[in-house]
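Excluded from the calculations below are hydrogen atoms, water molecules and symmetry mates; all remaining heavy atoms, backbone and side chain alike, are included.
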Amino acid sequence: MLSCLRPLRRYRDPLALALPVLLLLPLPLALRNQEAYCGFVVLLMAIYWCTEVIPLAITAILPVILFPVFGIMTSKEVCKRYMKDTNMLFLGGLMVAVAIETWNLHKRIALRALLIAGVRPALLMMGFMGVTAFLSMWISNTATTAMMVPIAQAVLDQLNAVGMRPASGQATNDVELEEKSAGCEVYGAALSSLDPDSNLERNLPAASTSEDDREQVRLRKMLSLSVCYAASIGGTATLTGTGPNLVLKGQLGQLFPENGDLINFASWFGFAFPNMLVMLTFCWIWLHLLFLGVNFGKSWRSSPEYSPKEKAAYRVIQSEYQRLGPMSFAEKLVLSLFILLVLLWFTREPGFVPGWGNLLFNGNGKEFVTDATVVISITFLMFIMPSQRPQLRPWAQDLQGAEEGIAARQLKEQPSARLLEWTLVQQKVPWNVVLLLGGGFALARGCEESGLSRWLGNQLLPLQNIPPWSIAAVLCLLIAICTECTSNVATATLFLPILASMASLIRMNPLYVMIPGTLSTSFAFMLPVATPPNAIVFSYGQLRVSDMVKAGIALNLIGVASVTLAINTWGRAMFSLDTFPAWANTSHSL
């Protein structure tokens, strides 16, 4: 039977493209109404997003073709949805992240934090998780994981190899670190290791015969999982940390234009950052129990002295940090601009007091300055500021070089003459996600215009008979399961309009289900293909799928419980979730 199906493999992509169309075509042909036409488009895009038979971004532009064809929206109305204020906020955040990565500021922060945390197993895991989560708040979780995993591997190599290598082993390890880091730069290479025809266990360590060997295997699995999980958790803390957060902001403004900008950088951080800390703490406890056992005292140890293995691992981190040299002028300038960006974001409209945006610019019921204005202003400065200190006194050039003391290779290989160059932005910014966000906004608007959102919301009306906290928990669990096999941005795009309509129909504050639903799209902890960080750590060959599933199931439940707790405690107070707001009642024509 299988031999008969093999010739069809060459036609797999054409079949995957054609079959969903043929199977779904009876829906618009039979019903011939706006809801059916829009449902056909939504289901087709959902299947294409799940199967990835074509790139996600290409699927995202289907509304430009199909909505005008079916008479749901005009082409002009659809295309306007693809570049909104939220897209500019996302682009600006990505460009700031490119500047941080270009000048290695993220690596300096990571290594310095690890030197402070120490290298004992429990503290080492805590250090890697804390650093990874913090960096993921500002740069992509993929880039963060690709940088942190090779450092973790190098540290573990020293823990394992001390006493078994000559004194030159440290230099060899530095070369290994560079090779591993280069191997992680391309996400496609990570995914290639997930070929179902290959032997997934080809790189796994051989069966251990000694307790030391088994301990090393456990440590490698623990640190690998801690890095990828912390990257996913950390991205939830800021509005620009991951795509679904921006999908929420964009769709909330589109579906409920009178909401008063309830979701901005400051308000989101105030809600999501404590939740991130709770999840990170319980993730650390769970991984400790899973790989180090219940004896927390043994892992921490009261002795201030490091063992020979721990000293060797500490020297690896110290050596990598020293190789960076003193902070360059460009690093200091990028750090200053980054701090300024965060301060402007927090103080623009903090909520509890008037912000500078309200006092200086916004008025007459109009919001002239948004978070996007702030980040684009900072990136504009990065494009015009020099990466080297200006020479106001030419005769002091030699003195300046001596003061900075940067390694010769850093001076000879400056990434750019300015803090940010357009060529680097073109190479490193994932433009496909911009289209994906735009496609989500177009899809949400189409669902609203066609009446599909209202129809789907009506189907969920029986949920009004159960307590609100149960509704949030059930929906979070459903979304967390779906996001294991679908892009988190695509999952948020499909679910949020439905949740908004359901909440309006049962007269519940839409934020009560939209915020936890958004966070749940980032809870992709169980499968290697669920999210890029999982794929990267899995590509190193030290984890089995069963390891991820066993650790990820509990973490998914922890995530759902944490979000449910957050939305029913400080979230309820922050967003006044006990009342049905007027903006939710008037925005939908229900």
Side-chain angles (χ1 to χ4, degrees), residues 49-52 55-57 90 94 97 128-129 132-133 135-149 184-194 221 223-238 240-247 272 276 279-280 283 287 430 432-433 436-437 440 476-495 517-540 542-545 547-560 563:
W49 271 333
C50 290
T51 59
E52 294 191 44
L56 297 178
F90 178 71
L94 288 177
F128 270 101
M129 291 182 70
T132 304
L135 292 176
S136 244
M137 291 164 58
W138 314 106
I139 64 178
S140 76
N141 54 13
T142 305
T144 303
T145 307
M147 182 194 73
M148 295 300 295
V149 174
C184 255
E185 288 179 356
V186 181
Y187 168 49
L191 285 180
S192 65
S193 67
L194 305 181
K221 290 181 178 181
L223 279 191
S224 297
L225 289 173
S226 69
V227 168
C228 69
Y229 290 164
S232 295
I233 294 170
T236 64
T238 59
T240 56
T242 187
N245 301 350
L246 290 169
V247 172
M276 184 268 283
M279 282 198 63
L280 210 61
C283 179
L287 292 178
N432 59 323
V433 183
L436 195 57
L437 285 174
C476 286
L477 190 59
L478 173 63
I479 292 172
I481 293 171
C482 291
T483 198
E484 293 289 347
C485 55
T486 312
S487 159
N488 56 1
V489 175
T491 305
T493 297
L494 293 170
F495 274 95
T518 299
L519 289 172
S520 298
T521 62
S522 296
F523 299 162
F525 302 124
M526 289 173 53
L527 298 175
V529 294
T531 187
N534 292 9
I536 289 174
V537 299
F538 189 80
S539 70
Y540 274 75
Q542 294 160 358
L543 292 167
R544 296 180 175 88
V545 175
D547 295 323
M548 274 195 168
V549 171
K550 182 168 62 173
I553 285 178
L555 204 53
N556 271 2
L557 296 176
I558 289 171
V560 171
V563 169

Starting from the C-alpha separation in whole Å, work towards a yes-or-no answer on side chain to side chain contact (heavy atoms under 4.5 Å, CB included) for M548 and V537. CA-CA 10 Å; M548 274 195 168; V537 299; 3.6 Å; yes
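- With sequence neighbours excluded, the residues that form a side-chain contact (heavy atoms from CB on, under 4.5 Å) with P55 are I58.
- No side-chain heavy atom of L223 sits under 4.5 Å from any side-chain heavy atom of V149.
- Shown here for S224 and Q542, the closest heavy-atom pair between the two residues is OG-OE1, 3.6 Å.
- Within the 3.5 Å criterion, the main-chain N or O of T518 finds a donor-acceptor partner in the side chain of T521.
- Panel note: side chain W49, backbone L56; a donor-acceptor pair is recorded below 3.5 Å.
- By the 4.5 Å heavy-atom criterion applied to side chains, L437 and V247 are counted as neighbours.
- One distance of note links CG of L555 with CD1 of I558; it measures 5.5 Å at 0.5 Å rounding.
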Dump the intermediate steps for side chain to side chain contact (heavy atoms under 4.5 Å, CB included) on F495 and T483, then the final yes or no. CA-CA 11 Å; F495 274 95; T483 198; over 6 Å; no
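- Although no hydrogens or angles enter the test, the distance criterion places no donor-acceptor pair under 3.5 Å between the side chain of N556 and the main chain of I553.
- In this structure, A551 and Y229 approach most closely via the heavy-atom pair CB-OH, 3.7 Å.
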Would L557 and L477 satisfy side chain to side chain contact (heavy atoms under 4.5 Å, CB included), going step by step from the backbone distance to the final call? CA-CA 8 Å; L557 296 176; L477 190 59; 4.2 Å; yes
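- To the nearest 0.5 Å, atom CG of residue L478 and atom OG1 of residue T491 are 10.0 Å apart.
- Side-chain contact between P430 and L94: present, with at least one pair of heavy atoms (C-beta onward) separated by less than 4.5 Å.
- For S136, the side-chain contact (heavy atoms from CB on, under 4.5 Å) partners two or more places apart in sequence, or in a different chain, are N141, T144, A231.
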Evaluation steps, side chain to side chain contact (heavy atoms under 4.5 Å, CB included), between V529 and F538: CA-CA 9 Å; V529 294; F538 189 80; over 6 Å; no
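- The OG1 atom of T236 sits 11.0 Å away from atom CG of N488, with the distance rounded to the nearest 0.5 Å.
- In this structure, M276 CE and S522 OG are separated by 12.0 Å, a value rounded to the nearest 0.5 Å.
- T132 places no side-chain N or O within donor-acceptor distance of the main-chain N or O of M129, the cut-off being under 3.5 Å.
- Scored by the side-chain contact (heavy atoms from CB on, under 4.5 Å) test, S520 finds C476, I479, F523 as partners (sequence neighbours excluded).
- Distance alone, capped at 3.5 Å, is enough to place a donor-acceptor pair between the T238 side chain and the M137 backbone.
- Taking OG1 of T531 as the reference point, atom CE of M526 lies at 14.0 Å (rounded to 0.5 Å).
- Remark: A530 engages E484, A524, L527, N534 in a side-chain contact (heavy atoms from CB on, under 4.5 Å) (not counting sequence neighbours).
- Considering CD1 of I233 and SG of C283, their distance stands at 4.5 Å, rounded to 0.5 Å.
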